[in-house]
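Structure first, then comments.
As the structure is a computational prediction, the values presented were derived from the model and not from experiment. We use all heavy atoms of the structure for the numbers below, so side chains are in, but hydrogens, waters and symmetry mates are not.
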Amino acid sequence: MTAISLMLAVPDAPAASAWYQRALGATELWNLGSVIGLEIGGAPIFLAQPEGNGWESPVALGTTTVRVEVFVDDPDSFAGNAAAAGANYHDPVRDHEAPWGTHRQGGFFDPYGHLWLVGDKSPLQRR
């Protein structure tokens, strides 16, 4: 199996880790202070504080540069939990017509400026 993961730039890795644990059900794999490994539903995701090393957080840049796509069994609950924990739930989960049928998806910005799109697993099937 190949795994592809993201490392999200955050200004305070421990505070961000606490938020992702509370809001998205993440669990900590390891913690080096300014770099933290997490897992959300078995998928790895990493947090790091930029240290002038060629990348920056969305808040510092004033825009996001990546869209985090999450495919789960219950996108409504996943996004709702993030909203309850303070995410900007600007695009509520709803049905979208797709070539393969109905796809349920919505989105939020986390407190660190990262855009998350949360949907059901229907796009993951080979067509």
Nearest-0.5 Å distance that lies between atom [atom1] in [X] and atom [atom2] in [Y]:
X	Y	atom1	atom2	value
W19	L24	CH2	CG	5.0 Å
E56	L61	CD	CG	6.0 Å
F46	S5	CZ	OG	4.5 Å
Y20	L47	OH	CG	6.0 Å
I45	M7	CD1	CE	10.0 Å
D12	S17	CG	OG	10.0 Å

Under 4.5 Å between any side-chain heavy atoms of V68 and L115, yes or no?
no
Are Q105 and V93 side-chain neighbours, meaning at least one heavy-atom pair lies under 4.5 Å?
no
side-chain contact (heavy atoms from CB on, under 4.5 Å) between K121 and D73, intermediate numbers included
CA-CA 7 Å; K121 296 179 180 179; D73 291 329; 3.3 Å; yes
Would you name the heavy atoms of [X] and [Y] that are closest together and state the gap between them?
X	Y	answer
A85	A23	CB-CB, 3.4 Å
A16	Y112	CA-OH, 3.2 Å
D120	S122	OD1-OG, 2.6 Å
A9	P50	CB-CG, 3.6 Å

List the steps, then state whether side-chain contact (heavy atoms from CB on, under 4.5 Å) holds for V118 with V72.
CA-CA 7 Å; V118 182; V72 295; 4.0 Å; yes
Can you find a side-chain donor-acceptor pair between D95 and H103 that sits under 3.5 Å?
no
If you measure only the distance, is there a donor-acceptor pair under 3.5 Å linking the side chains of D110 and W116?
yes
Can you name the residues that form a ring pair (Phe, Tyr, Trp, His ring centres under 6.0 Å) with Y89, not counting sequence neighbours?
none
Would you please name every residue forming a ring pair (Phe, Tyr, Trp, His ring centres under 6.0 Å) with F78, sequence neighbours left out?
none
Run the salt bridge (Lys or Arg N to Asp or Glu O under 4.0 Å) test against [X] and tell me which residues pass, sequence neighbours left out.
X	answer
E39	none
R94	D91
D76	R104

Pairs of donor and acceptor atoms involving the side chains of residues 29-37, under 3.5 Å and at least two apart or interchain, shall be tabulated with distances.
residue	atom	partner	partner atom	Å
N31	OD1	G33	N	2.6
N31	ND2	E28	OE1	3.4

Please step through side-chain contact (heavy atoms from CB on, under 4.5 Å) for the pair T27 and Q21, ending with a clear verdict.
CA-CA 6 Å; T27 55; Q21 289 178 59; over 6 Å; no
same_hphob_cluster(I40, F71) at 4.5 Å side-chain heavy-atom cutoff:
no
Answer yes if L6 and V10 sit in the same cluster of Ile, Leu, Val, Met, Phe, Trp and Tyr residues linked by side chain heavy atoms under 4.5 Å apart, and no otherwise.
yes
Could you tell me if the ring centre of H114 sits under 6.0 Å from that of F109?
no
